[in-house]
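Below is one structure, written out as structure tokens; the observations come after it.
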Amino acid sequence: MQESSFDEKKINFIHTLVSDINTLKQELAKFKSVTKTSLYGTPITNRFFFRGVSNASFKIYSSMQRCCYERNNKGQSILMPELSEEIFRRFNNSKILIDAFNKEVSQPSNNSELAKWAFLQHFGGPSHFVDFTPDINSALFFALPKPGEEVYSEDKTDLNNYISIYVYQDNPNKNGNLNEK
């Protein structure tokens, strides 16, 4: 479930260690949306999406995956489909949650399972979704420690001493350029 070293993370990710504010500013400048012009003169924007995590050992898992992992570590044997069914059943049997959901989510969306999972995630319940944001500052908010949480060891190789910002670059040409239509 967790990576245990920088070397393991380097296998799958481009890795940059930032240790001061100026280096951070230089790294962040790389992730501004870039607009280029296609051969036809149409603007093409490359966008970036970010996910911030407060511990560099964390992988990109959904809260549902983390919940299964935690339960299995406690000796409860549960698979993700079973946990999904349990959570969804509890949601559908809760008058309070269903009333709040119907108040927040308009028709016809509120009949879809996808809308219910999104609602659950928004209010802190486990879901199959992983949050990414186009705003680097939002990712930094979730990654950086909150006041009073800063507890680091002296071991510089310990991934618990570092945050991670995962960056995904959208490719506007992968499904046809939406800007050309």
Side-chain angles (χ1 to χ4, degrees), residues 1-6 8-15 31 47-152 158-172 174-176 178:
M1 188 75 175
Q2 293 184 355
E3 300 286 352
S4 59
S5 74
F6 285 116
E8 287 177 314
K9 289 194 81 118
K10 286 179 186 178
I11 293 169
N12 297 307
F13 301 100
I14 297 170
H15 180 263
F31 300 113
R47 297 172 300 171
F48 296 96
F49 298 95
F50 308 93
R51 176 167 178 80
V53 294
S54 60
N55 182 312
S57 66
F58 293 169
K59 288 185 172 181
I60 302 176
Y61 284 121
S62 71
S63 56
M64 184 71 70
Q65 288 170 301
R66 289 191 307 271
C67 193
C68 281
Y69 177 77
E70 290 165 7
R71 284 190 178 193
N72 288 324
N73 272 350
K74 293 178 182 174
Q76 300 172 358
S77 180
I78 191 160
L79 299 174
M80 207 160 42
E82 295 167 352
L83 182 59
S84 294
E85 288 175 17
E86 176 189 332
I87 290 169
F88 209 62
R89 180 184 48 77
R90 287 183 183 186
F91 177 82
N92 285 322
N93 290 334
S94 170
K95 181 168 175 23
I96 293 170
L97 287 175
I98 291 297
D99 287 347
F101 174 74
N102 288 331
K103 183 178 174 184
E104 293 288 325
V105 181
S106 61
Q107 292 280 352
S109 296
N110 69 359
N111 290 325
S112 86
E113 285 189 21
L114 187 61
K116 289 179 179 179
W117 282 116
F119 179 84
L120 279 167
Q121 181 183 22
H122 182 72
F123 289 100
S127 78
H128 301 281
F129 307 130
V130 176
D131 286 327
F132 276 83
T133 176
D135 181 11
I136 184 70
N137 293 315
S138 294
L140 284 168
F141 172 82
F142 285 100
L144 293 171
K146 308 308 174 254
E149 286 184 355
E150 295 91 351
V151 180
Y152 300 106
D158 184 358
L159 288 174
N160 295 319
N161 286 331
Y162 300 92
I163 67 169
S164 281
I165 302 293
Y166 294 98
V167 182
Y168 165 74
Q169 182 176 348
D170 184 34
N171 178 353
K174 70 177 174 238
N175 295 317
L178 298 177

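Treat the numbers as computed from the prediction; the structure is a model and nothing was measured. Only this structure's heavy atoms are used, side chains among them; waters, hydrogens and symmetry mates stay out.
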Side chain Gln65, main chain Ser62, donor-acceptor under 3.5 Å = yes
Distance-only, no hydrogens or angles: does the Asp131 side chain make a donor-acceptor pair with backbone N or O of Arg51 under 3.5 Å?
-> no
Would you call Ser63 and Arg66 a side-chain contact if the rule is heavy atoms closer than 4.5 Å?
-> yes
Is the number of heavy atoms from other residues, nucleotides or ligands within 6.0 Å of [atom1] ([X]) greater than 12?
| X | atom1 | value |
| --- | --- | --- |
| His122 | NE2 | no |
| Phe91 | CZ | yes |
| Lys95 | NZ | no |

Could you measure the distance from the [atom1] atom of [X] to the [atom2] atom of [Y]? Nearest 0.5 Å is fine.
| X | Y | atom1 | atom2 | result |
| --- | --- | --- | --- | --- |
| Arg90 | Leu120 | CZ | CG | 12.0 Å |
| Asn92 | Ile98 | CG | CD1 | 5.0 Å |
| Leu97 | Asn102 | CG | CG | 11.0 Å |
| Phe141 | Asp135 | CZ | CG | 12.0 Å |
| Phe132 | Phe50 | CZ | CZ | 10.5 Å |
| Glu70 | Ile78 | CD | CD1 | 12.5 Å |

Tyr69 vs Tyr61, ring pair (Phe, Tyr, Trp, His ring centres under 6.0 Å): CA-CA, chis, key distance, verdict = CA-CA 10 Å; Tyr69 177 77; Tyr61 284 121; 7.8 Å; no
Test applied, ring-ring contact (aromatic ring centres under 6.0 Å, His included); reference residue, Trp117; option that passes from Phe123, Phe88, Phe129 | Phe88
Tell me the closest heavy-atom pair linking [X] and [Y], and the distance in Å.
| X | Y | value |
| --- | --- | --- |
| Cys68 | Leu79 | SG-C, 3.9 Å |
| Ala143 | Ile165 | CB-CD1, 3.6 Å |
| Ile87 | Pro126 | CD1-CG, 3.4 Å |

So, are Arg71 and Glu86 salt-bridged, with charged N and O less than 4.0 Å apart?
-> yes
